[in-house]
Amino acid sequence: MHDTHDLYDTILSGGTIIDGTGGDRYTADVGITGDRIVSIGDLTDAEAARRIDVSGRVVAPGFIDVHNHSDGWLLKRPHFLPKTSQGFTTEILMLDGISYAPVRPDTARQWLFYLRGLNALRLEEYRGWESIGEFLAEFDRAAAQNVAGHVPYANVRSLACGFGKQWVDDLQMKVICGEVHRGMQEGAVGISTGLDYIVQCYATTDELVEACKVIAEYDGVYTTHVRYKKGILDGIREAVEIGKRSGCRVHISHVKGRDEETVEALLKMFDEVSGEVEFSYECYPYQPGSTMLNYLLPYEAWDDGPLGAMSRLEDSTVRAHFRQALEAYPLNLDRMTLAWVPGKDNTEFQGRTLDHYVDAIGLPVEEALYSLLIEERLAPLIVFNEGEDQMIEPLLQHELCVIGSDGIYHDGGTVHPRVYGTAPRIIGPCVRDRKLFSLEDAVAKLTAKSADAYGLKDRGRVVESAFADLVVFDPETVTDRATYEDPHQRAEGIDLVLVNGEVILEAGEPATFDGPMPGRTLRYER
């Protein structure tokens, strides 16, 4: 388009535009005024407060991380470099049905304790929010990135009927639906569940259908960590049933298959169910995973709430059921690494496999792991090696796949490298070396497809009038550097990141802000 502005705030000149839609790249200048892209074309003669030469570089929409565990870190580190350094300009929060809102004063302490290994927020860092709207408001102009949030189902269910094993009665269902309505009115994108986790593990399919009927009224999305302990195929079938019966859209979190047969079955299933419900899923480009070690505890350990779990672990029945769980789900301890612990006594074991830990402690496996959970107040984080990364590649390639890092961060932890390396691996090695998809398709998975799935209006595309969330990178050199042994390494080849028209990262270094930061809390609009 011809220049119609007297003066731009910023012009990115001479770059190769990959607009996020999957369309062909082209060369053009990008003119930014305020928080919007206002002109794309030849702006050679236009004036700007700042002109940045990006020739030889790709200009793409800012990347959107649809699955992460940044809820606490963005409050502690408003410029969260592990994520901005890879080009993520928007974080969709409150995944797996567990987060810091909605809460009451009594449940807030429970969730802060439970999420210590996942999100790192301490009790003294709690600022008194209760509703989802109040929590999300904490990030508005107070972080470098944009955020959007879900209604986390475990939080809602615990408000209605506590943490224990029980069916939801009619009144409690009304309370749950009322909380979901409130969350959607406050801008949430939909409901998230983690059906292998605390509280929501007891939710029935019928109960979830009733809750999802509420988000269907808003055209919201049901984002689910399915019942993986039941089997991923059965878990996805349940999610699709919930979508069909409630009328809501369905998104499956962190999909992967343990073997080629499962991967083939998943791809076949995705093709089938996409005709039954509006459907999407996300992956990260690594086969190994990461989660809290307390995932192994029998569900009843949590029935008195997270703060009651420490005393519940003294119950001989809970201990016996823990032993049974280890027998039912045989663990390859030599493929499970202790990634982080909150205390100092066991930090020497960070980065070492659990079989090394068990040998060093000199106790039977179940006693050693049980003791570790008690010593570290249920917070240890693990990384587990589930095989070679090639196993995830067919799932990454599918047109319904978008990208989420599932990143879990801890200072000094031997954390999963996905928290630093997801986006650069997708647009770098996955394109150049593995040739899984074109760079245009890779960018679309990180941008427009994600924005469309999560109702992020005017985000995820380099088009005129869109918000100026942008990332500039070198397509020849961009790559991930984080490894399992040394995860705290930023990406190479990401030159420039802008959020709402403001530069937040340049030449790998974070910008400083004296006043409000550029990130915003985004409301669901679709």
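Hydrogens, waters and symmetry mates are skipped; everything else that's a heavy atom, side chains included, is used.
Residues satisfying the ring-ring contact (aromatic ring centres under 6.0 Å, His included) test with Tyr100, not counting sequence neighbours, are none. Every side-chain hydrogen bond (donor to acceptor under 3.5 Å, both in side chains) that Arg104 has, sequence neighbours left out, goes to Asp106. Considering only residues two or more places apart in sequence or on other chains, Asp206 meets the salt bridge (Lys or Arg N to Asp or Glu O under 4.0 Å) condition with Arg245. Here Arg122 pairs with nothing under the salt bridge (Lys or Arg N to Asp or Glu O under 4.0 Å) rule; sequence neighbours left out. Residues satisfying the salt bridge (Lys or Arg N to Asp or Glu O under 4.0 Å) criterion with Glu492, sequence neighbours excluded, are Arg481. Residues passing the ring-ring contact (aromatic ring centres under 6.0 Å, His included) test with Phe279 are Phe270, sequence neighbours excluded.
Applying the salt bridge (Lys or Arg N to Asp or Glu O under 4.0 Å) test to residues at least two apart or on different chains, the pairs with a partner in residues 124-139 are Lys76-Glu125, Arg127-Glu138. Identified under the salt bridge (Lys or Arg N to Asp or Glu O under 4.0 Å) test for residues 377-405, with sequence neighbours left out: Lys256-Glu386, Arg258-Glu386, Asp389-Arg425, Glu393-Arg434. Applying the ring-ring contact (aromatic ring centres under 6.0 Å, His included) test to every pair with at least one member in residues 189-210, sequence neighbours left out, gives these pairs: Tyr197-His225, Tyr197-Tyr295. Listed by first then second residue, pairs satisfying salt bridge (Lys or Arg N to Asp or Glu O under 4.0 Å) with a partner in residues 403-415 read Arg77-Asp411, Asp406-Arg418, not counting sequence neighbours. Sorted by first then second residue, the salt bridge (Lys or Arg N to Asp or Glu O under 4.0 Å) pairs that include residues 357-374, not counting sequence neighbours, are Arg323-Glu366.
Put simply, the side chain of Leu267 reaches to within 4.5 Å of the side chain of Pro394, judged on heavy atoms. With a 4.5 Å cut-off on side-chain heavy atoms, Ile92 and His150 count as touching. Leu446 places a side-chain heavy atom less than 4.5 Å from the side chain of Phe88. Side-chain contact check for Asp480 versus Pro429: some heavy-atom pair is nearer than 4.5 Å.
Among the candidates Asp65, Thr89, Leu74, the single residue satisfying the side-chain contact (heavy atoms from CB on, under 4.5 Å) test with Gln145 is Leu74. Exactly one residue among Thr422, Ile403, Ile427 makes a side-chain contact (heavy atoms from CB on, under 4.5 Å) with Phe63. That residue is Ile427.
Between His416 and Tyr484, the ring planes lie perpendicular to each other; the angle is over 60°, past the 30° to 60° tilted range. Taking the six-membered ring where tryptophan is involved, the planes of Tyr409 and Phe80 are perpendicular, since the angle between them exceeds 60° and thus also 30°. Using bins of under 30°, 30° to 60° and over 60° for the plane-to-plane angle, the ring pair Tyr454/His251 lands in the perpendicular bin.
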Considering only distance and modelled atom types, tabulate donor-acceptor pairs under 3.5 Å from the side chains of residues 339-347, sequence neighbours left out.
{"residue": "Asn346", "atom": "ND2", "partner": "Glu375", "partner atom": "OE1", "Å": "3.0"}
{"residue": "Asn346", "atom": "ND2", "partner": "Glu376", "partner atom": "OE2", "Å": "2.7"}
{"residue": "Thr347", "atom": "OG1", "partner": "Lys344", "partner atom": "O", "Å": "3.0"}

- Item | Stepwise ring-ring contact (aromatic ring centres under 6.0 Å, His included) test for Tyr284 and His67 | CA-CA 9 Å; Tyr284 48 85; His67 191 112; 8.5 Å; no
- Item | side-chain hydrogen bond (donor to acceptor under 3.5 Å, both in side chains) between Thr193 and Thr224, worked out | CA-CA 5 Å; Thr193 62; Thr224 179; 2.8 Å; yes
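The two residues Ser371 and Leu363 have their closest heavy-atom pair at OG-CD1, 4.2 Å.
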